[in-house]
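Data block below; observations after.
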Amino acid sequence: VSIDKLEKTMSRANINPIFIRPTLARLQFATPRMFETFRAHTVPLLSPNFDYAEKLYGSSITPLCSTNDPAERVEYILSNYEEMTSLVSELSNELGKKHSYEQRLYELIEQF
């Protein structure tokens, strides 16, 4: 999928998993995908090894975090889909404020 169609393509699914590679998890590294999913009008399902999700997204992210039984979490999200999409919308707005390109540029300028 070309980058200009990424969010539109992801929005076709009700749930989109966010998998974290072990090295990224250990470094607590953030990637664009960790933010794009929230903008795609879909519900992210965070992998169990995303230990730093609360640090990145805030404490309200817990319902979107997978457990050792991912099927149970998928069933929970689908059973509470309106509530989950509302949560994702709120988180997306917060992420837009806290993790925008403008915010990162401002932080970079502050370093100098």
Side-chain angles (χ1 to χ4, degrees):
V1 174
S2 62
I3 193 71
D4 61 322
K5 296 178 182 164
L6 180 67
E7 289 178 18
K8 184 177 180 179
T9 301
M10 286 174 35
S11 71
R12 295 188 332 208
N14 288 336
I15 299 175
N16 271 287
I18 298 178
F19 298 109
I20 309 299
R21 295 173 190 235
T23 302
L24 297 180
R26 188 162 190 197
L27 296 172
Q28 295 190 359
F29 196 78
T31 67
R33 175 78 158 79
M34 294 173 183
F35 302 103
E36 292 162 346
T37 308
F38 285 85
R39 294 178 38 101
H41 306 291
T42 184
V43 177
L45 176 62
L46 309 179
S47 65
N49 69 334
F50 197 167
D51 298 333
Y52 56 106
E54 191 171 313
K55 182 177 175 182
L56 186 62
Y57 302 119
S59 60
S60 60
I61 195 68
T62 305
L64 304 176
C65 295
S66 186
T67 62
N68 290 332
D69 183 5
E72 175 272 328
R73 187 55 54 170
V74 168
E75 184 178 326
Y76 174 82
I77 290 171
L78 292 175
S79 296
N80 300 282
Y81 197 70
E82 284 186 40
E83 182 183 339
M84 296 299 104
T85 56
S86 178
L87 172 62
V88 170
S89 180
E90 291 172 22
L91 287 168
S92 179
N93 289 335
E94 287 298 311
L95 292 172
K97 295 174 191 172
K98 294 178 182 176
H99 298 286
S100 67
Y101 289 115
E102 292 82 9
Q103 181 63 30
R104 291 295 171 256
L105 180 59
Y106 176 76
E107 291 171 2
L108 182 61
I109 291 169
E110 286 285 308
Q111 297 295 317
F112 297 101

Please step through side chain to side chain contact (heavy atoms under 4.5 Å, CB included) for the pair Tyr57 and Leu64, ending with a clear verdict. CA-CA 11 Å; Tyr57 302 119; Leu64 304 176; over 6 Å; no
With hydrophobic residues grouped by side-chain heavy-atom distances under 4.5 Å, do Leu78 and Ile61 end up in a single group? yes
Do the side chains of Arg33 and Glu36 get close enough for a salt bridge, i.e. N-O under 4.0 angstrom? no
Approximate separation, where rounding is to 0.5 Å, of Glu75 CD and Asp69 CG: 9.0 Å
Between Ala53 and Cys65 the two heavy atoms that sit nearest each other are CB-SG, 4.4 Å
What one should report as the nearest heavy-atom pair of Phe35 and Ala30 is CE1-CB, 4.1 Å
Within this structure, what is the CZ-CG distance for the pair Phe50 and Leu45, rounded to the nearest 0.5 Å? 11.5 Å
Using distance only, find each side-chain donor-acceptor pair of residues 105-112 under 3.5 Å and give its atom names and separation, not counting sequence neighbours.
from	atom 1	to	atom 2	distance (Å)
Tyr106	OH	Glu110	OE2	3.3
Glu107	OE1	Arg104	NH1	2.9
Glu107	OE2	Gln103	NE2	3.1
Glu107	OE2	Arg104	NH1	3.1

Rounded to the nearest 0.5 Å, what's the gap from OG1 on Thr37 to CG on Leu91? Could you check? 12.5 Å
CD/Gln28: more than 12 non-hydrogen atoms of other groups inside 6.0 Å: yes
Under 3.5 Å donor-acceptor, Ser11 side chain and His41 backbone: no
Return yes when atom OH of Tyr81 has more than 12 non-hydrogen atoms of other residues, nucleotides or ligands closer than 6.0 Å, and no otherwise. yes
Indicate if Tyr101 and Leu56 have the same hydrophobic cluster label, given that clusters are the connected sets of ILVMFWY residues with side-chain heavy-atom separations under 4.5 angstrom. no
Return the CE to OG distance between Met84 and Ser79, rounded to the nearest 0.5 Å. 10.0 Å
Same cluster or not: Phe29 versus Met34, using hydrophobic residues (I, L, V, M, F, W, Y) connected whenever any side-chain heavy atoms lie under 4.5 Å apart? yes
State the CD1-OG1 distance between Ile3 and Thr9, to the nearest 0.5 angstrom. 10.5 Å
Phe38: which of Val88, Asn93, Asn16 passes side chain to side chain contact (heavy atoms under 4.5 Å, CB included): Val88
For Pro63 and Ser60, the nearest pair of non-hydrogen atoms, with its separation, is CD-O, 3.2 Å
Heavy-atom check, side chain of Pro48 versus side chain of Ser66, under 4.5 Å: yes
Single-linkage hydrophobic cluster Ile15~Met10, side-chain heavy atoms < 4.5 angstrom: no
Ile18 and Pro44: which non-hydrogen atoms are nearest, and at how many Å? CD1-CB, 3.8 Å
Give a yes or no on this: more than 12 heavy atoms of other residues, nucleotides or ligands lie within 6.0 Å of atom CG of Asp4. yes
Determine, step by step, whether Thr85 and Val43 satisfy the side chain to side chain contact (heavy atoms under 4.5 Å, CB included) criterion, reporting the C-alpha distance in whole Å, the side-chain angles of both residues, the deciding distance to 0.1 Å, and the verdict. CA-CA 6 Å; Thr85 56; Val43 177; 3.8 Å; yes
Count the heavy atoms belonging to other residues, nucleotides or ligands that lie under 6.0 Å from NE2 of His99, then report whether that count exceeds 12. yes
